[in-house]
Amino acid sequence: MSSKHRKLFVVEDEPDMAGLISAAAEIEGYEVETFLEGDTFKKSYHADVALILLDLSLPQVDGVELIRFLSDVHHPGPVILASGLDESILLSAEKLAQEQQLNCLGILRKPFRIHSLQLLLSQAKTQASERNLSQSKNTPPEKEKPLSPLKPRPVFVYDDLLQGIQKDQFIVYYQPQIDVKDQSIFGAEGLVRWLHPMHGLIAPNHFIPLMEKYDLIDDLTWIVLKQAIQQCQRWLEGPLKMKIRVSVNISAITLKSLDLPERIDQLTRQYNVDPTQIVLEITESALTQELVKSLEILTRLRIKKFNLSIDDFGTGYSSMVQLHRVPFSEIKVDRSFVMQMEKDHEAQAIVETIIMLGHKLGMTVIAEGVETEKVFNQLGPLGCDIAQGYLFAKPMPGAAFEEWLSENHALKTTLTMPHFIK
Ligand code: C2E
Ligand code: CA
Ligand code: CA
């Protein structure tokens, strides 16, 4: 990228500070545009901005809201957070930015030395040139591509969602789950996407909450369950000839339908799939509502030999009693801890504790959000059983998953990924 195209957006409400930052950045070769408040920044935003410097305390639209905005538009470039606020607030904002999958380059604590700013600016330059280099080498992308790239999030109304269901626009993608010990395939998580005729492929976070709000989530759950179970049959009876476990996410609302166990049972019989191949993932927070009814349904599912997984563990507030009462077969450590464990000792301690807890309760432990080899190598010694994340593969359609598996998996033996052979 030539320096004249290196654009820096500075969102900072103090004109003096904005001026100072601009001057330092211009020396580093950036073309700077400053915004004194969030709304004008949002209006001018475009994805080609090389770097964004964001002050957290702004009037009206605050920095945290802008973090969410950048996450919604899948902003690809680096972001620097700046603030004179308390250190712990800055750290929380940084964590939030990372959770929202923003590339947070660092934080600038005010008052700051010009040298700290220069350091971050030059880091951004290095990152950009490394990225250009790796793109020119044609290395495969490690991360899942933005699903609805760089467009503001469309707003859907009830009729849009209903049409999507009626016109069969939802499709399940599959992400592999890998055995930490021998890197063989353990299973796949089914993750729904909306193949929208106008907006392209849309990520679930943009429509699942609406489906719940409009009472359409049950319909979607059954679409996903049916596709996933059919896929299981295809993998078993097609050329792959493999019995692959598939996990499906069940919303808290669906967990209240008393006929859920019978209906899933019927579906698995229809497609000749064993219930032990199906895993139902339930988030920890789903268990805090109407627990008694959910408990009954969960217990009946377990009796029918379906597996139950407690998802996003560590982010909700389930008590030990609940964990003990619900017959879960596996526990998924939330990706926010896993993604931070290479840098953050507290996150590592949390992952370690959840692994111990899971094993004490006889559950299989899955770490999700494994993006780097370093994290993967940390998981083995901690005793984690299964890993899932972009390091292995992003979610992909059923046929692509089959292809991925044939390439990476000498049937039922170890994955042959060259970068794992030390
Ligand atoms: P989840 O159940 O926690 O699913 C894991 C999410 O993490 C997926 O996002 C996956 O693409 C992403 N992911 C996987 N590996 C990595 C990694 O290494 N790094 C990072 N940063 N992310 C990774 P996705 O597909 O966008 O799904 C988001 C959420 O939407 C899911 O979170 C789940 O709660 C919900 N969801 C997806 N499909 C369904 C569904 O069929 N029904 C319901 N009720 N919810 C669903
Ligand atoms: Ca899940
Ligand atoms: Ca999860």
Side-chain angles (χ1 to χ4, degrees), residues 71-72 74 95 97-104 141-148 153 164-165 170-178 187-194 201-213 216-229 231 246-257 260 278-286 307-316 330-342 354 365-376 379 386-397 401:
S71 153
D72 285 349
H74 297 285
K95 281 193 177 163
Q98 281 165 353
E99 253 164 51
Q100 311 240 0
Q101 302 179 25
L102 279 190
N103 172 7
C104 181
E142 293 258 294
K143 297 199 172 187
E144 185 170 20
K145 281 199 202 105
L147 291 175
S148 45
R153 183 205 295 199
I165 290 178
F170 292 93
I171 162 167
V172 180
Y173 273 38
Y174 302 87
Q175 187 179 33
Q177 298 173 323
I178 306 296
E189 177 173 4
L191 294 152
V192 70
R193 273 93 181 85
W194 185 358
L201 210 54
I202 301 174
N205 293 341
H206 296 330
F207 57 85
I208 298 272
L210 288 171
M211 291 277 186
E212 290 179 338
K213 180 173 149 194
L216 289 168
I217 190 68
D218 273 351
D219 295 329
L220 184 70
T221 307
W222 287 107
I223 290 172
V224 173
L225 272 166
K226 189 170 169 195
Q227 277 190 37
I229 291 170
Q231 188 61 68
V246 176
S247 307
V248 172
N249 293 281
I250 303 290
S251 133
I253 296 170
T254 306
L255 206 55
K256 293 189 191 105
S257 336
L260 179 75
I278 306 298
V279 188
L280 304 174
E281 292 194 3
I282 293 127
T283 58
E284 197 189 359
S285 53
N307 295 293
L308 298 179
S309 173
I310 185 158
D311 202 358
D312 299 347
F313 192 79
T315 58
E330 68 175 43
I331 189 164
K332 293 187 87 173
V333 188
D334 190 69
R335 64 180 185 270
S336 59
F337 305 117
V338 178
M339 283 165 68
Q340 278 166 42
M341 66 187 279
E342 63 183 345
I354 298 176
V365 183
I366 302 189
E368 60 180 11
V370 179
E371 291 190 349
T372 65
E373 218 170 315
K374 196 168 166 204
V375 166
F376 181 70
L379 291 169
I386 310 296
Q388 178 184 343
Y390 294 160
L391 174 64
F392 310 102
K394 59 185 188 181
M396 53 200 144
F401 183 92

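What you see is a predicted model; the values in this text were computed from it and never measured. Just so it is clear, the values below take in all heavy atoms, side chains as well, and ignore hydrogens, waters and symmetry mates. Just so you know, ligand 1 is whichever comes first in the structure, and atom 1 is the first atom listed for that ligand.
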Colleague: Judging by distance only, is a nitrogen or oxygen of D312 under 3.5 angstrom from one on ligand 1?
Modeller: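 Such a contact does occur with ligand 1.
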
Colleague: When you measure from atom 35 (C) of ligand 1 to each heavy atom in A228, S309, P204, which option holds the nearest one?
Modeller: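 Looking at heavy atoms only, P204 sits closest to atom 35 (C) of ligand 1.
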
Colleague: For N/O/S atoms only: which one belongs to E368 and is nearest the Ca ion (ligand 3)?
Modeller: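 Checking each N, O and S atom of E368, the shortest distance to the Ca ion (ligand 3) belongs to OE2.
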
Colleague: Identify the two heavy atoms, one from S257 and one from D218, that lie closest to each other, and give their separation to 0.1 Å.
Modeller: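 S257 and D218 have their closest heavy atoms at OG-OD2, 3.7 Å.
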
Colleague: When you measure from atom 28 (C) of ligand 1 to each heavy atom in V370, V192, N205, T221, which option holds the nearest one?
Modeller: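 It is N205 whose heavy atom sits nearest to atom 28 (C) of ligand 1.
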
Colleague: I need the atoms of ligand 1 closer than 4.0 Å to a non-hydrogen atom of E189, numbered in the order shown.
Modeller: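 Ligand 1 atoms under the 4.0 Å threshold to E189: 2 (O), 4 (O).
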
Colleague: Whether K332 and E189 form a salt bridge (side-chain N of Lys/Arg under 4.0 Å from carboxylate O of Asp/Glu) is what I want to check.
Modeller: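 Yes, charged N to carboxylate O under 4.0 Å.
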
Colleague: Aromatic ring centroids of Y173 and F401 under 6.0 Å?
Modeller: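 For Y173 and F401, the ring centres are not under 6.0 Å apart.
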
Colleague: Under 4.0 Å, heavy-atom basis, I'd like to know which part of L191 is in contact with ligand 1: side chain, backbone, both or neither.
Modeller: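 Both the backbone and the side chain of L191 come within reach of ligand 1.
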
Colleague: Near Q175, which atoms of ligand 1 are under 4.0 Å from a heavy atom of that residue?
Modeller: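 Result: 14 (C), 15 (N).
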
Colleague: Give the atoms of ligand 1, by number and element, whose distance to some non-hydrogen atom of Q101 is under 4.0 Å.
Modeller: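 Near Q101, the atoms of ligand 1 are 21 (N), 22 (N).
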
Colleague: So, do V333 and E368 sit near enough that their side-chain heavy atoms are less than 4.5 Å apart?
Modeller: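 Sidechains of E368 and V333: no contact.
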
Colleague: If you compare all heavy atoms of E281 against all heavy atoms of N249, which two are closest, and at what distance to 0.1 Å?
Modeller: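 For E281 versus N249, the nearest heavy atoms are OE1-OD1, 3.2 Å.
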
Colleague: Is there a heavy atom in K394 that sits closer than 4.0 Å to ligand 1?
Modeller: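 Distance cut 4.0 Å: K394 fails for ligand 1.
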
Colleague: Provide the closest heavy-atom pair for G190 versus Y174 in the form atom of the first, atom of the second, distance.
Modeller: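 For G190 versus Y174, the nearest heavy atoms are CA-CD2, 4.0 Å.
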
Colleague: Could you tell me which atoms of ligand 1, counted from 1 in the order shown, lie closer than 4.0 angstrom to a heavy atom of R335?
Modeller: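 Going through ligand 1 atom by atom, the ones under 4.0 Å from R335 are 3 (O), 5 (C), 6 (C), 7 (O), 22 (N).
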
Colleague: Using a 4.0 Å heavy-atom cut-off, say whether D311 meets ligand 1 through its side chain, its backbone, both or neither.
Modeller: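 D311 to ligand 1: side-chain contact only, backbone stays beyond 4.0 Å.
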
Colleague: Are E368 and ligand 1 in contact, using a heavy-atom cut-off of under 4.0 Å?
Modeller: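 Yes; E368 lies near enough to ligand 1 that a heavy-atom distance drops under 4.0 Å.
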
Colleague: Can you find a heavy atom in the side chain of L379 that is under 4.5 Å from one in the side chain of V370?
Modeller: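 Of all side-chain heavy-atom pairs linking V370 with L379, at least one is under 4.5 Å.
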
Colleague: Heavy atom of K332 under 4.0 Å from ligand 1?
Modeller: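 No heavy atom of K332 comes that close to ligand 1.
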
Colleague: Would a distance-only check, ignoring hydrogens and angles, find a side-chain to backbone donor-acceptor pair under 3.5 Å from T254 to I250?
Modeller: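 Judged by distance alone, no pair lies under 3.5 Å.
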
Colleague: Check ligand 1 against M339 and write out every atom of the ligand that is under 4.0 Å from a heavy-atom position of the residue.
Modeller: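 Numbered from 1, ligand 1 contributes 21 (N).
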
Colleague: If you measure every N or O of E281 against every N or O of ligand 1, does any of those distances drop under 3.5 Å?
Modeller: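 There is no such contact.
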
Colleague: Measure from the Ca ion (ligand 2) to each N, O or S atom of E281 and report whether any distance is below 3.0 Å.
Modeller: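 True for E281.
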
Colleague: I need the atoms of ligand 1 closer than 4.0 Å to a non-hydrogen atom of P395, numbered in the order shown.
Modeller: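 So the answer, numbered in order with elements, is 11 (O).
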
Colleague: How wide is the angle at the Ca ion (ligand 2) spanned by D311 OD2 and E189 OE2, rounded to 10 degrees?
Modeller: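 Roughly 180°, rounded to 10°.
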
Colleague: Which ligand 1 atoms does S251 reach within 4.0 Å, using its non-hydrogen atoms?
Modeller: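 Counting atoms of ligand 1 from 1, those under 4.0 Å from S251 are 44 (N).
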
Colleague: Heavy atom under 4.0 Å from ligand 1: found in Q388's side chain, backbone, both, or neither?
Modeller: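 Q388 to ligand 1: no contact under 4.0 Å from either part.
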
Colleague: If we only count N/O pairs under 3.5 Å, is E371 in contact with ligand 1?
Modeller: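 Yes - when backbone and side-chain N and O of E371 are compared with those of ligand 1, one distance drops under 3.5 Å.
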
Colleague: Answer yes or no: is there a side-chain heavy-atom contact under 4.5 Å between I282 and L308?
Modeller: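 Side chain of I282 against side chain of L308, heavy atoms only: contact under 4.5 Å found.
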
Colleague: Roughly how far apart are H74 NE2 and L102 CG, rounded to 0.5 Å?
Modeller: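 Reported to 0.5 Å precision, the distance equals 10.5 Å.
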
Colleague: Determine whether a donor-acceptor pair (N or O, by modelled atom type, separation under 3.5 Å) exists between the side chain of Q175 and the backbone of A393.
Modeller: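 Yes, because the side chain of Q175 sits within donor-acceptor range (under 3.5 Å) of the backbone of A393.
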
Colleague: Apply the test side chain to side chain contact (heavy atoms under 4.5 Å, CB included) to residues L260 and W222: give CA-CA distance (whole Å), side-chain angles for both, the deciding distance (0.1 Å), then the verdict.
Modeller: CA-CA 10 Å; L260 179 75; W222 287 107; 3.7 Å; yes

Colleague: Below 4.5 Å, heavy atoms only, C-beta onward: do Q98 and S336 meet side chain to side chain?
Modeller: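 Counting from C-beta outward, Q98 and S336 never come under 4.5 Å.
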
Colleague: Nearest 0.5 Å please: distance from the CG atom of L220 over to the CH2 atom of W194.
Modeller: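 So the gap between those two atoms works out to 10.0 Å.
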
Colleague: Does N249 bring an N, O or S atom to under 3.0 Å of the Ca ion (ligand 2)?
Modeller: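 Within the cut-off used here (under 3.0 Å), N249 does place an N, O or S atom near the Ca ion (ligand 2).
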
Colleague: Closer than 3.0 Å to the Ca ion (ligand 2), do we get an N, O or S atom from D312, backbone or side chain?
Modeller: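 So D312 does not count as coordinating the Ca ion (ligand 2).
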
